[in-house]
Amino acid sequence: MQYLKIKEAIFEQIESGQLGQKLPSERKLAESFNTTRITLREALSLLESEGKLFREDRRGWFISPQPLIYDPTNTTEFPAMAMAQGRTPRSELLSAELVKPNRQVAQLLQTTTEDELYRIKRLRFLDNRPVVVVTNYILPSFFPNLMETDFTHSLSIIYREQFNRIYSKTRYRVSTTSLTGSTATALRATAGSPAMFVERLNYDQYNNLIDCDLEYWRHDAICIQSLATLKNT
């Protein structure tokens with residue numbers, strides 16, 4: 001099929017360094033392969049699904065940078081994790097408010113839809129590219145007056161320094177999904193772009209469940225990797 005040949009040709013150009021970080025427009029690419037934009041988009045979408053390309057709404061197609069190695073069991077703060085891998089991190093606060101949770105969040109935190117929780121929503125960047133929207137739902141009983149805090153710092157640092165709560169254990173689930181609505185807009189992605197969804201439950205040093213975070217990552221931006229210790233039987 002033609003779109004498969006085009007996909008392989010573009011991949012070879014990526015690997016050989018013939019293309020810049022930003023690809024030519026779809027019109028120019030279609031002309032260079034003597035094909036239709038519909039066929040070209042099939043090829044580009046395949047490369048996107050494989051994490052080789054990403055698309056930004058109204059800006060075009062780009063070659064994906066190296067993904068961040070991400071261990072969901074590791075409680076290391078996002079900035080430290082990114083800088084350890086030679087990346088430049090940045091976080092932007094989208095909202096901080098007291099809300100009543102939906103049923104999914106209430107079940108995760110073993111509460112009810114009538115109990116109020118803190119909801120902290122942030123957009124995180126790697127090398128000035130928005131890569132993940134993180135929403136933390138936090139049990140207020142452990143963090144009185146949290147809304148008075150400066151959220152430019154990592155939550156784990158705030159927990160440790162202001163409330164003497166330290167992440168000690170996490171349970172997580174990873175699945176694939178697609179970006180929609182305000183999440184897609186924040187990540188400059190077109191609706192329907194593939195994403196990785198990471199759901200984490202976080203416990204303190206006293207084994208109390210204290211919060212959960214729901215993370216929507218551009219799927220090409222991370223490589224999920226965890227180091228497990230095997231026990232002899």
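Sequential numbering from 1 along the given sequence is applied to the chain's residues.
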Of the non-hydrogen atoms in [X] and [Y], which two are nearest, and what is the gap between them?
X	Y	answer
Ala96	Ile120	CB-CD1, 3.7 Å
Pro130	Arg218	O-CD, 3.7 Å
Ser178	Gly192	CB-O, 3.7 Å
Leu29	Pro24	CD1-O, 3.6 Å
Leu209	Leu139	O-CD1, 3.1 Å
Arg160	Ile166	CG-CG1, 4.1 Å

Over 12 foreign heavy atoms within 6.0 Å of [atom1], [X]:
X	atom1	result
Arg171	CZ	no
Lys22	NZ	yes
Asp150	CG	yes

Residues in side chain to side chain contact (heavy atoms under 4.5 Å, CB included) contact with Glu48, at least two apart in sequence or another chain: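 Glu48 satisfies side chain to side chain contact (heavy atoms under 4.5 Å, CB included) with Arg55, Trp61, Ser193, Pro194, His219 once adjacent residues are dropped.
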Who else is in the cluster with Ile69 when I, L, V, M, F, W and Y are joined by side-chain contacts under 4.5 Å?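 Reading the cluster by chain and number, Ile69 sits alone, since nothing else belongs.
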Side-chain heavy atoms under 4.5 Å apart, restricted to Ile/Leu/Val/Met/Phe/Trp/Tyr: what other residues fall into the cluster of Ile157, or is it alone?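 For Ile157, no cluster forms, as it stays isolated from other hydrophobic side chains.
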Quick one, [X] and [Y] - any side-chain contact, counting heavy atoms below 4.5 Å?
X	Y	result
Leu117	Pro140	yes
Ile38	Tyr3	no
Val134	Arg124	yes
Arg119	Val105	no
Pro144	Phe163	yes
Leu94	Thr135	no
Val133	Leu179	no
Tyr159	Thr149	no

Under the ring pair (Phe, Tyr, Trp, His ring centres under 6.0 Å) test, which residues partner [X], sequence neighbours left out?
X	value
Phe197	Tyr216
Tyr70	Trp217
Tyr172	none
Phe142	none

According to ring-ring contact (aromatic ring centres under 6.0 Å, His included), does anything in residues 76-130 pair up with another residue at least two apart or in another chain? List the pairs.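 Non-adjacent pairs meeting ring-ring contact (aromatic ring centres under 6.0 Å, His included): zero.
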Under the ring-ring contact (aromatic ring centres under 6.0 Å, His included) rule, what pairs show up with a residue in residues 15-60, not counting sequence neighbours?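 Only Phe54-Phe62 qualify under ring-ring contact (aromatic ring centres under 6.0 Å, His included).
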Distance from [X] atom [atom1] to [Y] atom [atom2], nearest 0.5 Å?
X	Y	atom1	atom2	result
Leu68	Cys223	CG	SG	9.5 Å
Asp211	Leu108	CG	CG	11.0 Å
Leu23	Lys28	CG	NZ	12.0 Å

Could you go through the side-chain hydrogen bond (donor to acceptor under 3.5 Å, both in side chains) check for Gln18 and Ser16 one step at a time? CA-CA 6 Å; Gln18 296 179 45; Ser16 63; 2.8 Å; yes
For the pair [X] (side chain) and [Y] (backbone), establish whether a donor and an acceptor sit closer than 3.5 Å, ignoring hydrogens and angles.
X	Y	result
Ser156	Glu77	no
Gln205	Asn164	yes
Gln21	Ile63	yes
Asn208	Ile210	no
Arg200	Pro72	yes

With sequence neighbours excluded, residues passing salt bridge (charged side-chain N to carboxylate O under 4.0 Å, His left out) with Glu116: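 Checked Glu116 against salt bridge (charged side-chain N to carboxylate O under 4.0 Å, His left out); zero matches.
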For Asp115, all residues meeting salt bridge (charged side-chain N to carboxylate O under 4.0 Å, His left out), sequence neighbours excluded: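 So Asp115 forms no salt bridge (charged side-chain N to carboxylate O under 4.0 Å, His left out) with any residue.
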Stepwise side chain to side chain contact (heavy atoms under 4.5 Å, CB included) test for Arg188 and Asp57: CA-CA 6 Å; Arg188 300 201 296 252; Asp57 199 22; 5.6 Å; no
When Lys7 is tested against each of Glu50, Glu12, Glu42 for salt bridge (charged side-chain N to carboxylate O under 4.0 Å, His left out), which residue passes?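 Result: among Glu50, Glu12, Glu42, Glu50 is the only option passing the salt bridge (charged side-chain N to carboxylate O under 4.0 Å, His left out) with Lys7.
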Quick check on side chain to side chain contact (heavy atoms under 4.5 Å, CB included): which of Thr39, Leu53, Ile6 does Leu44 satisfy it with?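 Only one of Thr39, Leu53, Ile6 forms a side chain to side chain contact (heavy atoms under 4.5 Å, CB included) with Leu44, namely Leu53.
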Less than 4.0 Å between a side-chain N and a carboxylate O, is that true for Asp220 and Arg129?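 Yes, this pair counts.
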Glu161: side-chain hydrogen bond (donor to acceptor under 3.5 Å, both in side chains) partners, not counting sequence neighbours: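 None.
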In the single-linkage hydrophobic clustering (I, L, V, M, F, W, Y; side-chain heavy atoms under 4.5 Å), do Phe151 and Tyr137 co-cluster?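 Linked, Phe151 and Tyr137 end up in one cluster.
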